[in-house]
Number of protein chains: 2
Amino acid sequence: MRHRNNKRATIRDVAKVAGVSPITASRAMQNSTKVRPATRQKVVDAARQLDYIPNLAAGTLATNASHLVAVILPNMSNSIFADTLQSISDSLRDSGYQLLVGYSDNSPELEESLVRTFLSRRADAIVLTGHVHSDQTNALLKSAAIPIVEMWSLNDEPLGACVGISNFDAAYSMTDYLFGKGHRKIGFIGGLLENNDRTQSRLDGYRAALMAHNLPIDESLIRDVPFEFEDGARAMRELLSNNNSLDAVFAASDILALGALLECNRRRLRVPGDIAVAGFDDERLAKLIKPSLTTIGVPRRAIGEKVAGVVLAALRGEAETQRVFDMGFSLVERESA
Amino acid sequence: MRHRNNKRATIRDVAKVAGVSPITASRAMQNSTKVRPATRQKVVDAARQLDYIPNLAAGTLATNASHLVAVILPNMSNSIFADTLQSISDSLRDSGYQLLVGYSDNSPELEESLVRTFLSRRADAIVLTGHVHSDQTNALLKSAAIPIVEMWSLNDEPLGACVGISNFDAAYSMTDYLFGKGHRKIGFIGGLLENNDRTQSRLDGYRAALMAHNLPIDESLIRDVPFEFEDGARAMRELLSNNNSLDAVFAASDILALGALLECNRRRLRVPGDIAVAGFDDERLAKLIKPSLTTIGVPRRAIGEKVAGVVLAALRGEAETQRVFDMGFSLVERESA
DNA sequence: CTCAAAAATGGTACCGGTATCATTTTAATG
DNA sequence: CATTAAAATGATACCGGTACCATTTTTGAG
């Protein structure tokens, strides 16, 4: 039942109805152990009777703890990040933390403005993707005195902690694998290399593997495109028209690889007979498409769980034993390469 | 430059440095018009000098406005909702609102707990997906006295406003279209029908179209599965093994349709020769897959923009002229059906 | 230059929780 | 039953903004 006036009940109202002091009512609602069960019951009943909804803004102001963990992702549409986000969310829920998510679009400026907002909202911790940030962002994060976690790539000198995989090693492995399958003219389709340390490292790994096998690095075999299916298809078209001896393509993302693969299908190129295609991420579609896609498996959920674990440990004030967590990758061999 | 002690500067600190009162400093930071340019400059300089970061929790408490718009989506992984979310976010950003997103997993209980949290954080408005809510949720929303928008489906009696499409009409149209192409044994793959008015309405539309053409409704042609590619493939397998005269399948989502289509490819069934496949949503992959997917186009971004528009109008206190916004759909005819 | 109106600025209190420390009540022990 | 430690409860103040209304300063007309 609500009162006639539509102003929301406060903890003081609840306390009055329960016949206790506001602070006792507050403790009762927090499940503090310092309240007698009978008292708690009175308070809970009063709260229910008044349709009491606590005001977290007031709580945040008083305790300087928002119970918000901010997460910055590059974009909304890539399901890769969605899986990691989901597992962070799941792992934090039980501890009473909620996610505040922002999307940077790979723009350091947008990221900086997100960080500012998150600090304004007094987020208890901030999780970022990658380690490319503006100087201002770095300064803000350093002086924030809250746990900071960078994820998805590794970094010897993380701002706080970092949880990810070696994108360099993974790309190196895949390129090496393609070489092992006899391919000598291997194209690379990267996504938005600028301000993206993940694709940048993957490109570096690709180059390093080529060099290790004394293959020339042909810049005309390298395409930098946005992260959509269509872009993968377009990049494949361009690579095919420029290089008639191309025999393999390694895409820095399954989205791009799938686009490329579909383009091959459309042209009735046999994969991997005429051309091999390899991706990165192990998207759900990768094993369903025909031919199924050889790719790099990334422990997306494990990354999220570890991120949440690191954040929680830091928030509990536990001493850090480790700052860099390499979650490992796997080369998933399927039909396409 | 930061001070020696690492406590954060407050508006009072800024005011002191600028040589004005706290309230004037506050006004200067809000870009209020009631401050002389010279004064504002002094305040802005002081704020910069102190690395001032406003505390939005305090602001929220004082003004009872959080500048947060809460959005509840069924899940994180469906890119359909990501597009709508993106456009809501884009449309609200300029007005200074930030999104607080939660995922209900199609569970009314989880949704209720999300609504409770959002109200606790004093969200300025709440956007929900669909109109299936628990009684408690309905009560909470009604008494919240903030703008409420339900999206993606239409509802004659929305809690506040609703912005979406007629899922019934769309499914009816597609089924009718399949009938027009000569198909008489049309299967239906729905996703998580329970607590999901969207798929439920689509099923109703499918049934109504069959009945309009005097076709029998065969429950063995209807599958209810989760929303992943694999589930679409599995449903297709089941339908094919049970009904050898099946000549078309309509899936309530492109994800499911793509899974079904890939299963057909795998079995070397000709689509649409042996069996026609139609989807719903017009996902990005739909026009790239081979054969390209006939589907229902939904104005995902337009829905988001309208939602944002309705929310902003309500927050500005503008009188509502309309409560139900039908954004329309389109039948996208491609190769698969 | 005067004076009224408008604009800018400031003092004080309040938003709704909770930390701190004091006080009261309860439980435990001999 | 007295005594004391432990547990529960409460009074007050504070977190950091801004609303409200009073006061001062500026502006512009006469």
Side-chain angles (χ1 to χ4, degrees), chain A residues 3 5-44 46-47 50-68 96 117 119-124, chain B residues 3 5-44 46-47 50-68 96 117 119-124:
Chain A
H3 274 121
N5 70 51
N6 59 3
K7 223 167 152 353
R8 211 158 248 151
T10 72
I11 194 79
R12 281 166 234 265
D13 300 328
V14 172
K16 201 167 294 173
V17 170
V20 299
S21 72
I23 182 65
T24 298
S26 171
R27 284 194 270 249
M29 298 302 289
Q30 302 307 318
N31 285 324
S32 159
T33 53
K34 316 184 76 177
V35 177
R36 194 174 317 188
T39 309
R40 183 193 320 283
Q41 195 54 51
K42 280 193 298 185
V43 172
V44 168
L50 295 174
D51 280 344
Y52 172 65
I53 294 181
N55 186 329
L56 284 183
T60 297
L61 181 58
T63 62
N64 203 30
S66 62
H67 292 273
L68 284 174
T117 325
L119 292 177
S120 276
R121 297 212 183 264
R122 293 299 185 265
D124 292 343
Chain B
H3 274 122
N5 70 52
N6 59 1
K7 223 169 152 354
R8 212 157 248 151
T10 71
I11 194 79
R12 281 167 234 265
D13 300 328
V14 172
K16 201 168 294 174
V17 170
V20 300
S21 72
I23 181 65
T24 299
S26 171
R27 283 193 271 249
M29 299 300 290
Q30 302 307 319
N31 285 327
S32 158
T33 53
K34 315 184 76 178
V35 176
R36 194 175 317 190
T39 309
R40 163 163 309 120
Q41 196 54 51
K42 280 192 297 182
V43 173
V44 168
L50 295 175
D51 280 343
Y52 172 65
I53 294 181
N55 185 329
L56 284 183
T60 297
L61 182 58
T63 61
N64 202 31
S66 62
H67 291 275
L68 284 174
T117 326
L119 292 177
S120 276
R121 296 211 183 265
R122 295 298 186 266
D124 292 343

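Proteins get letters first, then strands, A, B, ... in listed order; numbering begins at 1 in each. These numbers were taken from a predicted model, which means no experiment stands behind them.
Contact check, S21(A) against dT9(D): no side-chain N or O comes under 4.0 Å of OP1 or OP2. For T63(B) and dC15(C), the shortest distance from a side-chain N or O to OP1 or OP2 is not below 4.0 Å.
Distance CG (L56(B)) to P (dG17(D)): 9 Å, rounded to an integer number of Å. One atom, CZ of R121(B), and another, P of dG16(C), lie 17 Å apart when rounded to the nearest Å. Between the C1' atom of dG10(C) and the NZ atom of K42(B) lies a distance of 13 Å, rounded to the nearest Å. N64(A) places its CG atom 14 Å from the C1' atom of dG17(D), with the value rounded to the nearest Å. One can place CZ of R40(A) at 10 Å from P of dT9(D), the figure rounded to the nearest angstrom. Here the P atom of nucleotide dG10(D) and the CD1 atom of I11(A) are 13 Å apart, to the nearest Å. dG16(D) atom C1' lies 16 Å from atom CG of L119(A), rounded to whole Å. Following rounding to the nearest Å, N55(B) (CG) and dG17(C) (P) show an atom-to-atom distance of 16 Å.
With dG17(D), dT9(D), dG16(C) as the candidates, the nucleotide lying closest to the side chain of R12(A) is dG16(C). Distance from the side chain of Y52(A) is smallest for dG17(C) among the nucleotides dC20(D), dA19(C), dG17(C). Nearest to the side chain of T39(A), among dG10(D), dT9(D), dG16(D), sits dT9(D).
Closest-nucleotide positions on DNA chain C for P22(B) and G59(A) were compared, and the one nearer the 5' end corresponds to P22(B). Of the residues near DNA chain C, T10(A) and R36(A), the one whose nearest nucleotide (by heavy atom distance) lies more toward the 5' end is T10(A).
Between R12(B) and P22(B), the closest heavy-atom pair is CG-CG, 3.8 Å. Closest heavy-atom contact between T60(B) and A57(A): CG2-CB, 3.6 Å. Considering every non-hydrogen atom in both R122(A) and R8(B), the closest pair reads NH2-CD, 3.4 Å. Residues R121(A) and L68(A) share a closest heavy-atom pair of O-CD1, 4.4 Å. Taking each heavy atom of A58(B) and L61(A) in turn, the nearest pair found is CB-CD1, 3.8 Å.
Counting any heavy atom pair closer than 4.0 Å across all strands shown, T60(A) reaches no nucleic acid atom.
Side-chain N/O atoms of R27(B) and base N/O atoms of dG10(C) include a donor-acceptor pair closer than 3.5 Å.
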